[in-house]
Amino acid sequence: MLNESPFYANGFNAYWLMLIGSDPSQRHKVSSVLQDAASHGLTVGRTWAFSDAGYSPLQFSPGVYNENMFQGLDYAIHEAGKNGIKLILSLVNNYNDFGGKNQYVNWAKSQGQSLTSDDDFYTNSVVKGYFKNHIKAVVTRNNSISGIAYKDDPTIMAWELMNEPRCSSDLSGSTVQSWISEMASYTKSIDSNHLVEAGLEGFYGNSDTQKNPNFQVGTDFIANNQIPEIDFATAHSYPDQWLTGQDDEAQLNFLTNWLKVHIEDSQTILKKPIIFAEFGKTTKGPGFTPQQRDLIFNTVYSSIFSSAKGGGAAAGGLFWHILAEGMDSFKDGYEIILSESSSVSDIIIEQSKRLNKIRKMYARLKNIEKWKKPRKLKD
């Protein structure tokens, strides 16, 4: 809900906003992509609020920050606000790109901790302390442009604890369960204004393995999202990566069912909204055509719309990922450059319009209810 009306997240991923925003000669790309997104009716962007050690980091070492990079994030948040776009900020990576949990484990090792696996990230007290310090550093940051503390900034929609948490050493999901519970509670203890979500891909635990592709990752979509401090569920969908040996029809059938079971479970079991926080189709697959990608977008968007128009749990979808023109080195096959992708751009605009109509409809219904109440009292 936003201002007492349903809020739908038709949006995008742009993990690079902080990095490009930190370079004054490049930051116009942040502005242009956010303006483009807004002109297509997009309401939410998801981006990284992490970069641990390595090239141009946000965090050089535990608790030691790169002010220049933080100013890049300040800029991205400020520009998003100017364009009426809300941001979901992710706080650490599961993977080694931009440091991730591996970097936290290595930092603890260098301080004498005896750690054997990246999964020690979830259980070691020193590592958890480092990560809580990072949460606090980001959440309590004062934006150098607007002067607004992040924890008080309405441009930020939600904190995401981790991009795609996985734990191969405990496939039941219970290790991740304890970690999410602890970190979500900690985040809420220093910021009661914002939503919190876990960053899950949507893989099920031991009791529901038939709903997964043919593997588990150490998360439990149901239990992990039932944690009271988690405000909405997320799922990602990459049938072209998860079902590599199968044809387009099989991948599409999987996607349709993946969307269906997550919406149903969010509605009936979790009783929380769900955002499909990453989806896309690579142009690098065999025999790729733009029509294949259009079909994936239409399938995701139709499932979201069908649920939303009936007051269901689906609250939106964020495609992976948007780029500005002139960002060739960031292309991974999934990129969408709105000015160059006419058919998918039209599909994106249409979804924005459809969801906006639903929002207006529910807002009108709410106003009618308000109008009826005083009349009933008079009667």
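Treat the numbers as computed from the prediction; the structure is a model and nothing was measured.
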With the 4.5 Å side-chain cut-off for hydrophobic clustering, are [X] and [Y] part of the same group?
{"X": "V44", "Y": "L34", "value": "no"}
{"X": "L2", "Y": "L87", "value": "no"}
{"X": "L259", "Y": "L243", "value": "yes"}
{"X": "M162", "Y": "I88", "value": "no"}

May I ask you to check whether [X] and [Y] show a side-chain donor-acceptor distance below 3.5 Å?
{"X": "E335", "Y": "H321", "value": "no"}
{"X": "N253", "Y": "N257", "value": "no"}
{"X": "N163", "Y": "R46", "value": "yes"}
{"X": "E325", "Y": "S339", "value": "yes"}
{"X": "N143", "Y": "D153", "value": "no"}
{"X": "Y204", "Y": "D265", "value": "yes"}
{"X": "N94", "Y": "R166", "value": "no"}
{"X": "D220", "Y": "Q177", "value": "no"}
{"X": "N206", "Y": "Q216", "value": "yes"}
{"X": "Q71", "Y": "S144", "value": "no"}
{"X": "D191", "Y": "T187", "value": "no"}
{"X": "Y130", "Y": "Q103", "value": "no"}
{"X": "S343", "Y": "D294", "value": "yes"}

Next item on the list: Mark yes or no: R141 above the aromatic ring of F70, with NZ or CZ under 6.0 Å from the six-membered ring centre and no more than 45 degrees from the axis.
Entry: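 Checked: cation-pi criterion met.
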Item checked: Y8 six-ring face occupied by R359 cation (under 6.0 Å, within 45°) ->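 Here R359 fails the 6.0 Å and 45° test against Y8.
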Are the side chain of [X] and the backbone N or O of [Y] linked by a donor-acceptor pair below 3.5 Å?
{"X": "T268", "Y": "E264", "result": "yes"}
{"X": "E160", "Y": "A198", "result": "no"}
{"X": "W258", "Y": "K211", "result": "no"}
{"X": "D97", "Y": "N93", "result": "no"}
{"X": "K86", "Y": "A158", "result": "no"}
{"X": "D23", "Y": "S25", "result": "yes"}
{"X": "S307", "Y": "A313", "result": "yes"}
{"X": "D120", "Y": "L115", "result": "no"}
{"X": "Y122", "Y": "P165", "result": "no"}
{"X": "Y362", "Y": "K309", "result": "yes"}

Minimum-distance pair of heavy atoms, taken over all atoms of [X] and [Y]:
{"X": "A108", "Y": "V126", "value": "CB-CG1, 4.2 Å"}
{"X": "H262", "Y": "A235", "value": "CD2-CB, 4.0 Å"}
{"X": "V92", "Y": "K101", "value": "CG2-N, 4.3 Å"}
{"X": "A80", "Y": "T155", "value": "CB-CG2, 3.9 Å"}
{"X": "L255", "Y": "P239", "value": "CB-CG, 4.0 Å"}

Note to self: Please verify the inter-ring angle class for F121 with Y104; under 30° counts as parallel, over 60° as perpendicular, anything in between as tilted.
What the structure shows: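 Correct class here is perpendicular.
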Salt-bridge test for [X] and [Y]: reply yes if a basic N is under 4.0 Å from a carboxylate O, no otherwise.
{"X": "K272", "Y": "E197", "value": "no"}
{"X": "D332", "Y": "K284", "value": "no"}
{"X": "K353", "Y": "E350", "value": "no"}
{"X": "K132", "Y": "E182", "value": "yes"}

Quick one: pull up [atom1] in [X] and [atom2] in [Y] and give me the separation to the nearest 0.5 Å.
{"X": "I269", "Y": "F221", "atom1": "CD1", "atom2": "CZ", "value": "9.0 Å"}
{"X": "E278", "Y": "W320", "atom1": "CD", "atom2": "CH2", "value": "5.0 Å"}
{"X": "S178", "Y": "I227", "atom1": "OG", "atom2": "CD1", "value": "8.0 Å"}
{"X": "L270", "Y": "I230", "atom1": "CG", "atom2": "CD1", "value": "11.0 Å"}
{"X": "S352", "Y": "L42", "atom1": "OG", "atom2": "CG", "value": "4.5 Å"}
{"X": "N66", "Y": "S22", "atom1": "CG", "atom2": "OG", "value": "7.5 Å"}

Notebook entry, point to check: Quick check, are the ring centers of H134 and F50 under 6.0 angstrom apart?
Noted result: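 No; F50 has its ring centre 6.0 Å or more from that of H134.
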Check: Under 6.0 Å between ring centres, would you say that holds for F203 and W242?
Finding: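 Aromatic pair counts; centres sit under 6.0 Å.
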Notebook entry, point to check: For Y334, which of Y238, F288, F319 qualifies under ring pair (Phe, Tyr, Trp, His ring centres under 6.0 Å)?
Noted result: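 The ring pair (Phe, Tyr, Trp, His ring centres under 6.0 Å) with Y334 is passed solely by Y238 among Y238, F288, F319.
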Check: With respect to F297, which candidate in F12, F276, F279 satisfies the ring pair (Phe, Tyr, Trp, His ring centres under 6.0 Å) definition?
Finding: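 The residue from F12, F276, F279 that satisfies ring pair (Phe, Tyr, Trp, His ring centres under 6.0 Å) with F297 turns out to be F279.
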Item checked: side-chain contact (heavy atoms from CB on, under 4.5 Å) partner of E340, chosen from I337, I336, L338 ->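 Considering I337, I336, L338, a side-chain contact (heavy atoms from CB on, under 4.5 Å) with E340 is found only for I337.
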Notebook entry, point to check: Could you walk me through whether Q351 and N10 pass the side-chain hydrogen bond (donor to acceptor under 3.5 Å, both in side chains) check?
Noted result: CA-CA 7 Å; Q351 179 75 347; N10 198 35; 4.8 Å; no
Checklist line | Chi angles and distances behind the side-chain hydrogen bond (donor to acceptor under 3.5 Å, both in side chains) call for D74, Y150 | finding: CA-CA 9 Å; D74 293 344; Y150 285 12; 2.6 Å; yes
